[in-house]
There are 2 protein chains.
Amino acid sequence: MKKTSLSDIAKHLGVSKTLVSFVLNGKAKEFRISEDICKKVVEVAKELNYQPNRIAQGLRTGRTNTIGLIIADIANQFFGILGREIEQEAARFGYRVIFCSSDENPEKSRQQIAMLQQSQVDGYIISPPKHSEDQIRALAKGHVPFVLIDRYFPEIESNHIVVDNFNAAYNATNHLLKLGRKRIANITVNLDLINMEQRTEGYKQALRDASVPVDDNLVKVLPFSHDNKDVARAIKELVGKNSPKKIDAILFSTSKLGINGIECISSLGLKIPDDIAIVSFDNPDAYKICVSPVTVVNQPLKEIGKIAVQMLLNQIKHPDAPSKAQEIVLKTDLIIRKSCGS
Amino acid sequence: MKKTSLSDIAKHLGVSKTLVSFVLNGKAKEFRISEDICKKVVEVAKELNYQPNRIAQGLRTGRTNTIGLIIADIANQFFGILGREIEQEAARFGYRVIFCSSDENPEKSRQQIAMLQQSQVDGYIISPPKHSEDQIRALAKGHVPFVLIDRYFPEIESNHIVVDNFNAAYNATNHLLKLGRKRIANITVNLDLINMEQRTEGYKQALRDASVPVDDNLVKVLPFSHDNKDVARAIKELVGKNSPKKIDAILFSTSKLGINGIECISSLGLKIPDDIAIVSFDNPDAYKICVSPVTVVNQPLKEIGKIAVQMLLNQIKHPDAPSKAQEIVLKTDLIIRKSCGS
DNA sequence: TATTTTTGCTAAAACGATTTAGTAATTCTA
DNA sequence: TAGAATTACTAAATCGTTTTAGCAAAAATA
């Protein structure tokens, strides 16, 4: 069962494939094709179950209606929800999306960008890992449409859409302070990325503004590929009996950290929020049903995904628009549950 | 900055593009291209940063090195992990993957298959929603390479890879019985899909084998797009004070149900496992840190993903192999945590 | 030395669409 | 009624590859 092509329809009717192409692309009036031929073409196309070959189309037009998405890990619920939103919004406009998980590894992301480039994607949505500056710069230089999400590089002009991480962390920390917590730790991840940096900055500023001394020993920076044990070690250091720096609250900068952290805290026999109050970035299901449901910094993932696609398609549609880079910063909201007491 | 093509390299060296193509595809020896020309071609290709146009390649060869993935929802951690594994394994063999979330909606899945077909994907990995039998049959009839995962249609011969849902549910239920639970409910989802059916069958068989009467009132079947409220209603019916059918355990057939269910049970002031024991299919993060960590039926997602890709690529590589359909059934394991007491 | 074989390469068709430039036949205008 | 304009269409080039068929020169064989 060979697939039907334009020529098949053309032969079937004894007309040229030019005509068939015109009709099926809605250019019948523009090229004044007669009504009845039009109808016949449409009929035969249906009859033969014609499906346009997007590959051929892409070769000829240079546009594939495909976008490339590079995120850290689609198995992480944060990126899962984001990816879902992007897929959905893209589909609304007739775009497909190729998913790539970079694991925050710049070498992987380099290969993925190359692969996507070869696939002639029309544009990219990227959550760039650290040390991928040159890759992003290359895209910018090549005038390739792209949008960064979740983070960006301040030194590179780019379209991006992020949340106000500084204020998010500031408010979260403030929430803890208002509830009387004084020894607040921050467990974060060593991404050298602006978003993580800003979270820790916001945390510190909140402490300063409340005249609580900032103690760098209370900021634990883990490597990106951390597991249970790394988190457990950090927490033990923070709560160790012989530790002079005993803490009463933790701000987790990611939910991966938080989930591992809570597991560890429970296994140490500590109670949330009585012994330790918790606030975390991101809002996975886990936090809703956990021992003490977790107060979180919730990010507007739906919006991020939607806007990212729209910004990208806009660039694709208008390749040589004046184009001052758009930098969109969205607000987060603090969802208060039980993990901080009251 | 125009992209470099084969012809550019050819012109640069004053040779034919045929030659360049041969060299860059490793067919130099086969077509006895001289050593030094070979070297020069490779050099110039690097110098001009040649990136093969996979679209043109795909048009000519009929193979795009792309696979289409249709799952229920990439934001669901179950499919997130599965998708990740599939992406990774596909990449190992030079394949990209286009992700589609069907929401268990056959109309969506129909459109997605059409879209993927137009994109000339080399094969499909599909978790087919109910009422998509005709779509799958069409693929089979067209000799299109595809593999079904998570479910299949018994009446359609297909390559598929699933878990032994019957035994998984049987063992899970048995676990509850052994711990002395007698009034065990099953909350499941109305997918009319074999996997869900088999779970409920396994549950019933375990009861029968233990001489515990099967009470159909204890099986709650929810619509696919259920939310908190639907689950809450089901649970209230099961535990209502005036209910003669008061229960002491629940087997959740999906984690989406389970997460909502646990939220509801907690809000009713019931204790897990004292009042109600819980076992659930799937193993999301949420279950690890929840009030009472949940005993689960864990599926070998890594294996499912890997095997699915390998089976698919095998079909793609050998389009006219004798091909008796392969039906792979994997074992699950029961991870025992605290939600059933001891 | 004449023929065959090998070596090293190229021309051109093909994949399936889009799009430009054109052409006959008809209708309109002056 | 001659020329212009309109109508309804088509031929052919093109996108960037792959691949088949073939060709000239050199080397090997008889």
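Lettering of chains follows the sequences in order, A, B, ..., and the numbering in each one begins at 1. Just so it is clear, the model here is predicted, and its values are computed rather than measured.
Partner of B:Phe79 under the side-chain contact (heavy atoms from CB on, under 4.5 Å) criterion, chosen from B:Asp150, B:Leu69, B:Leu301: B:Asp150.
Ion pairing of B:Asp8 with B:Lys2 is absent here, as no side-chain N (NZ or NE/NH1/NH2) approaches a carboxylate O to less than 4.0 Å. Salt-bridge annotation for A:Arg92 and A:Glu89: present, with a side-chain N of the basic residue lying under 4.0 Å from a carboxylate O of the acidic one.
Here the side chain of B:Phe22 is nearest to one of D:dG16, D:dT17, D:dT19, namely D:dT19. Checking D:dG16, D:dC9, D:dT17 against every side-chain atom of A:Ile37, the shortest atom distance belongs to D:dC9. Counting only heavy atoms from C-beta on, A:Ser21 has its side chain closest to C:dT19 among D:dG16, C:dT10, C:dT19. If you check D:dT18, C:dA11, D:dG16 against the side chain of B:Ser5, the one that comes closest is D:dG16. Comparing C:dT10, C:dA14, D:dC9 by their nearest atom to the side chain of B:Arg60 picks out C:dA14.
For the pair B:Glu35 and A:Thr4, nearest-nucleotide mapping onto DNA chain C gives the more 5' position to B:Glu35. Comparing B:Leu59 and B:Ser34 along DNA chain C, the residue whose closest nucleotide (by nearest heavy atom) sits nearer the 5' end is B:Ser34.
Donor-acceptor pairing under 3.5 Å, judged by distance alone, is present between the side chain of B:Thr18 and the base of C:dA12. Looking at B:Lys17, its side chain comes within 3.5 Å of the base of D:dT17 through a donor and an acceptor atom. Contact of B:Arg32 with C:dT7 (side chain to base): no donor-acceptor pair of N or O atoms is detected under 3.5 Å.
Residue B:Lys27 contributes atom NZ, which lies 17 Å from atom P of C:dC9 at whole-angstrom precision. When the C1' atom of C:dA17 is taken as reference, atom CZ of A:Arg54 falls 11 Å away, rounded to whole Å.
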